[in-house]
Amino acid sequence: MTTLVLIRLVLDYVDDLDEAVEIAKAYDMHDSAGTSYYYMAADASGRSAIFEWANGTDDTDLDGSARQLVITYNDRDSYIGQAEGDSDFQWMTNFVIQLGYYDNEEDMKDLDRYQHIYERLAGIEGTVADEKGAMDILASVGRRSWNSNGEHLTVHSVIYNLSKKTVYWMPNENYNDPEAWFTFSL
């Protein structure tokens with residue numbers, strides 16, 4: 001199935017992280033975009049996991065035919081690095097966190113954004129005051145302004161409030177336009 005079907009299954013049928021993992025493990029994933037793909041799932045207990053489909057390196061893994069699911073839990077991610085091991089929270093951006101996935105540091109195009117998100121979250125011990133605060137962190141790494149000379153665009157910025165069971169979605173880096181934010185109840 002495609003990755004978008006996985007998202008729909010998780011949103012429609014999952015009550016906790018364990019159920020999300022079971023659904024992800026049950027299917028072979030395919031993505032025709034020719035890029036890496038990865039997702040994060042979390043539940044109201046504070047548990048989270050990053051789901052990455054990877055095999056080989058970024059240069060050899062673009063068709064997705066041999067990818068394998070790798071699940072990295074927030075309480076078992078110290079093998080990724082010290083920041084991950086020292087933190088009770090997880091974060092992600094367009095970057096595969098699995099060691100050895102990239103051939104060299106030049107290929108790690110969004111590592112800087114990944115590290116910036118960590119620094120922002122570490123400064124507040126991983127706890128964001130509200131949805132606006134979370135969106136401010138996402139805005140700080142928006143592709144239009146982040147080392148791209150305006151050549152790229154962040155298409156989706158999403159905040160999930162697992163206590164209130166709400167979703168805040170904002171398209172196309174409209175961070176300063178409250179009318180562009182969409183709110184959904186889960």
Side-chain angles (χ1 to χ4, degrees), residues 1-17 19-20 23-24 29-53 64 72 74 83 87-97 108-186:
M1 84 167 93
T2 65
T3 58
L4 293 176
V5 174
L6 173 69
I7 293 169
R8 193 72 258 163
L9 286 172
V10 169
L11 290 173
D12 288 346
Y13 299 108
V14 166
D15 290 322
D16 61 29
L17 182 61
E19 290 179 9
I23 284 180
M29 299 300 295
H30 169 73
D31 190 279
S32 59
T35 62
S36 308
Y37 46 98
Y38 24 76
Y39 296 97
M40 179 185 283
D43 61 30
S45 75
R47 295 176 58 226
S48 65
I50 295 173
F51 298 39
E52 297 175 300
W53 285 264
T72 305
N74 64 312
S87 304
D88 291 332
F89 55 90
Q90 281 185 307
W91 63 99
M92 64 180 291
T93 187
N94 302 69
F95 178 75
V96 175
I97 65 171
M108 301 170 126
K109 302 220 183 305
D110 284 304
L111 174 61
D112 56 347
R113 293 172 66 224
Y114 177 81
Q115 291 170 330
H116 181 80
I117 291 171
Y118 166 71
E119 290 165 7
R120 293 282 303 267
L121 289 171
I124 53 175
E125 297 180 7
T127 302
V128 182
D130 55 23
E131 292 81 3
K132 169 114 176 50
M135 198 62 80
D136 287 346
I137 292 172
L138 295 180
S140 74
V141 294
R143 295 302 295 155
R144 263 191 200 143
S145 59
W146 188 268
N147 298 330
S148 70
N149 300 322
E151 296 173 12
H152 301 284
L153 173 70
T154 299
V155 177
H156 307 283
S157 295
V158 184
I159 305 298
Y160 294 89
N161 185 318
L162 299 175
S163 300
K164 295 179 185 176
K165 306 243 187 278
T166 54
V167 176
Y168 297 84
W169 176 73
M170 190 275 312
N172 303 322
E173 296 191 43
N174 289 301
Y175 299 109
N176 297 319
D177 181 3
E179 292 187 22
W181 289 37
F182 294 86
T183 305
F184 304 96
S185 294
L186 299 175

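None of these values were measured; they are calculated from a predicted model.
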Which residue pairs pass the side chain to side chain donor-acceptor pair (under 3.5 Å) test when at least one of the two sits in residues 176-186, sequence neighbours left out? none
Please check: side-chain N/O of Asn161 versus main-chain N/O of Thr166, any donor-acceptor pairing under 3.5 Å? no
All ring-ring contact (aromatic ring centres under 6.0 Å, His included) counterparts of Phe182, not counting sequence neighbours: Trp169
Which pair of non-hydrogen atoms, one from Tyr175 and one from Leu138, has the smallest distance, and what is that distance? OH-O, 3.6 Å
Shortest non-hydrogen separation from Gly126 to Phe89 and the atoms involved: CA-CD2, 3.4 Å
Assess whether side-chain contact (heavy atoms from CB on, under 4.5 Å) is satisfied between Val128 and Leu121, documenting all intermediate values. CA-CA 8 Å; Val128 182; Leu121 289 171; 3.8 Å; yes
Side-chain (Glu173) to main-chain (Leu153) donor-acceptor, under 3.5 angstrom: no
Would you say the side chain of Tyr160 lies within less than 4.5 Å of the side chain of Phe184, judging by non-hydrogen atoms? no
Non-hydrogen side-chain atoms of Gln115 and Thr93 separated by less than 4.5 Å: no
Non-hydrogen side-chain atoms of Arg120 and Ile117 separated by less than 4.5 Å: no
Kindly compute the distance separating CE (Met108) from CZ (Arg113), expressed to the nearest 0.5 Å. 15.0 Å
Could you report the tightest heavy-atom contact between Asp43 and Leu162, atom names first, then the distance? O-CD1, 3.4 Å
Supply the atom-to-atom distance Lys164 NZ to Leu186 CG, rounded to the nearest 0.5 angstrom. 13.0 Å
All heavy atoms of Leu6 vs all of Ala24, minimum pair found to be CD1-CA, 4.0 Å
Please report the closest heavy-atom contact between Arg144 and Asn172, naming both atoms and the distance. NH1-O, 3.6 Å
Are any of the side-chain heavy atoms of Ile159 and Val167 separated by less than 4.5 Å? no
Is there side-chain contact between Met92 and Glu52, with heavy atoms separated by less than 4.5 Å? no
Could you give the distance from OH (Tyr39) to OG1 (Thr3), rounded to the nearest 0.5 Å? 3.0 Å
Stepwise side-chain contact (heavy atoms from CB on, under 4.5 Å) test for Asn94 and Tyr38: CA-CA 8 Å; Asn94 302 69; Tyr38 24 76; 3.5 Å; yes
Once you round to the nearest 0.5 Å, how far does CE of Met170 lie from CE of Met135? 5.0 Å
Would you find a donor on one side and an acceptor on the other, under 3.5 Å apart, between the side chain of Asn74 and the backbone of Ser48? yes
Just jot down the ring-ring contact (aromatic ring centres under 6.0 Å, His included) partners of Tyr114, sequence neighbours excluded, or say none. Trp91, Phe95
Take atom CG of Asp136 as the centre, draw a 6.0 Å sphere, and report whether it contains more than 12 heavy atoms from other residues, nucleotides or ligands. yes
Rounded to the nearest 0.5 Å, what separates atom CG in Leu4 from atom CG in Leu9? 11.0 Å
Least distance between heavy atoms, Tyr168 atom then Glu131 atom: CE1-CG, 3.0 Å
Please examine the side chains of Val10 and Ile7, heavy atoms only from C-beta on, and report whether any two atoms are closer than 4.5 Å. no
Does either side chain, that of Trp146 or that of Asp110, offer a donor lying less than 3.5 Å from an acceptor on the other one? no
